[in-house]
Number of protein chains: 2
Amino acid sequence: MRDFNKKLRVLLIDDNANHLRGIKELITLETNYNVVGATRSANLGINLIKKYHPDVVLMDINMPEKDGLQAIQAINKMELSTKVVVLSGYDDADLVYRAMKLGARGYVLKTMASVKLIDAIEDVSEGKIYLPAALSTRFFEYFQSAARKEANKVEGENLLNTLTVRESEVLELLTQGVNYKTIAGTLIISETTVKTHVNNIFQKLQVNDRTNAVLYALSHGFKPSNKSAAMTAA
Amino acid sequence: MRDFNKKLRVLLIDDNANHLRGIKELITLETNYNVVGATRSANLGINLIKKYHPDVVLMDINMPEKDGLQAIQAINKMELSTKVVVLSGYDDADLVYRAMKLGARGYVLKTMASVKLIDAIEDVSEGKIYLPAALSTRFFEYFQSAARKEANKVEGENLLNTLTVRESEVLELLTQGVNYKTIAGTLIISETTVKTHVNNIFQKLQVNDRTNAVLYALSHGFKPSNKSAAMTAA
DNA sequence: TGTTTTCTCAATCTTTTGATTTAGATTAGT
DNA sequence: ACTAATCTAAATCAAAAGATTGAGAAAACA
């Protein structure tokens, strides 16, 4: 995992100059860390990362601006092995959630003991995720409530269940945006038969056109249940 | 948070009878725990939960069957304060992810020291999330890779960016499944103008009909950017 | 075996959509 | 001020989609 013979290369990004200096001191006190850069600008930081490929980036995030979040995304898009640890004054659930979603490997609050910061750097450099219990709970509450919302959307008496096998096959092709002719060709039935099916689908889903049928299907978790012959359709 | 004067009420679900007995012994050794039930069936377990409203449920999950996952969902749907701790032999990333997504508050591997199980019960009963570092890392890797896939889908040169403001407004209405007449009425322009816009949209999105335009919009993260006048459209 | 559901197809008709061309008015940008 | 982009609109055609009725064959079901 981690080679203890080599110093960990750390880069700091914090728009507060005083804070930046403080962290730098703290880090350099650790004998096996090497601060390869420290900057107040996210954009500048990204350039430094491109140049130095640090092991860990300590990234300050201020609530109002979303530069920090974008920076995290940008860093991860570089496909380096650089791990991002967020350093923030906010334990806002949404912020934690979004930071982790965009690829942060750790999240430390400024109010936490400085030793936590060292812990975080150690953990993420070894490939672990560092998220203190309080933040972890926040994250999961957010995550689970989001998942729940989605699940509910799919719930309710789902009119999709009233469809026959054949109708489902037709609907699947509709959700792929193909016309009558193509559906007929794919299922090897006549175009008028397809029209019949489509009309029945409309009745059952209580819509009047294919666009609304497709919208209904997509928003109600329609899944091509069958060993669909439609697989071959481009 | 937790009232230490009262014993924690724990319910066990594990389809292995021996294992079930073992855990029960382990739990009852703790003086402040009270095992209110132990069963080998997920369905039976759910009934017991309805009856006894335990504080914590220890739920065994075996990989192949997805009864366990469904049970987690069912329990959380009851809207009780009952917390679910998963007990599993598998540290599969997908399984951990899905269990947490469905509302589990903790996840413990059977290979872990039994004291971890007690830790988990304590933590979740206090409202925390319990997820050992190794599993947490697994979870986040899965979570972040999923998030990444979604982000990529929205990436790529997004043809949606080539749309004008008005065209976006029209497209938004298209994604709501309304016809020309309604669009014209909503935007207070003539139907022929709408047709012009729609045709321009088709050109820009490289499609031939509204269904595909809508599909493109939905799959490329189309967001009604404006202070849309379309808000009033049913 | 009788009944119901599902799948198939046709014919007809209306409505909606989509394609194309042309063009005036307004706005934004250089 | 000149130019390019945008928004508006009409007219016309062709094509696709949708509604409706009726009906035979096969499969599922009771």
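Computation of the quantities below employed the complete heavy-atom set of this structure, encompassing side-chain atoms and omitting hydrogens, waters and symmetry-equivalent molecules.
Between the side chain of B/Lys204 and the main chain of B/Phe202, no donor-acceptor pair closer than 3.5 Å is present. Of the possible donor and acceptor atoms, one in the side chain of B/Asn212 sits under 3.5 Å from a partner among the backbone N and O of A/Gly177. Using modelled atom types, one side-chain atom of A/Tyr216 and one backbone atom of A/Leu159 make a donor-acceptor pair closer than 3.5 Å. Judged by distance alone, with hydrogens and angles left aside, the side-chain atoms of B/Asp55 form a donor-acceptor pair with the main-chain N or O of B/Arg9 at under 3.5 Å. Using a distance-only test at 3.5 Å, with no hydrogens or angles considered, a donor-acceptor pair links the side chain of A/Gln144 to the main chain of B/Met100. The main-chain N or O of A/Leu131 is never found under 3.5 Å from a side-chain atom of A/Ser136 such that the two would form a donor-acceptor pair.
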Polar-atom pairs under 3.5 Å, protein N or O versus N or O of nucleotides 4-7 of chain D: list them with distances, or write none.
from: D/dC7; atom 1: OP1; to: B/Arg166; atom 2: N; distance (Å): 3.1
from: D/dC7; atom 1: OP2; to: B/Thr164; atom 2: OG1; distance (Å): 2.4

When you compare the protein's N or O atoms with those of nucleotides 14-24 of chain D, which come within less than 3.5 Å of each other, and at what distance?
from: D/dA17; atom 1: OP1; to: A/Arg210; atom 2: NH1; distance (Å): 3.4
from: D/dA17; atom 1: OP2; to: A/Tyr180; atom 2: N; distance (Å): 3.2
from: D/dG18; atom 1: OP1; to: A/Arg210; atom 2: N; distance (Å): 2.8
from: D/dG18; atom 1: OP2; to: A/Tyr180; atom 2: OH; distance (Å): 3.1
from: D/dG18; atom 1: OP2; to: A/Arg210; atom 2: NE; distance (Å): 3.1
from: D/dG18; atom 1: OP2; to: A/Arg210; atom 2: NH2; distance (Å): 3.4
from: D/dG18; atom 1: O6; to: A/Lys195; atom 2: NZ; distance (Å): 3.2
from: D/dA19; atom 1: OP2; to: A/Asn199; atom 2: OD1; distance (Å): 2.5

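Dashed line: the shortest gap from a side-chain N or O of B/Thr192 to OP1 or OP2 of D/dA10 is under 4.0 Å.
Nucleotide C/dT8 holds its P atom 13 Å from the CD1 atom of A/Ile183, rounded to whole Å. Note: CG (A/Leu187) to P (C/dT6) measures 17 Å, nearest angstrom.
Aromatic ring pairs are classed by plane angle as parallel below 30°, tilted from 30° to 60° and perpendicular above 60°; the pair B/Phe143 and A/Phe139 is perpendicular.
Within a 6.0 Å sphere centred on NZ of B/Lys110, other residues, nucleotides and ligands contribute more than 12 heavy atoms.
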Nucleotide-level pairing of DNA chain C, given in dot-bracket where Watson-Crick and G-U pairs need both distances under 3.5 Å and | marks other strands: ||||||||||||||||||||||||||||||
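Here the options are B/Leu218, B/Leu215, B/Thr211, the test is side-chain contact (heavy atoms from CB on, under 4.5 Å), and the partner is A/Leu215; only B/Leu218 passes.
A/Arg98 forms no cation-pi arrangement with A/Tyr142, by the criterion of a distance under 6.0 Å to the ring centre and an angle within 45° of the ring axis.
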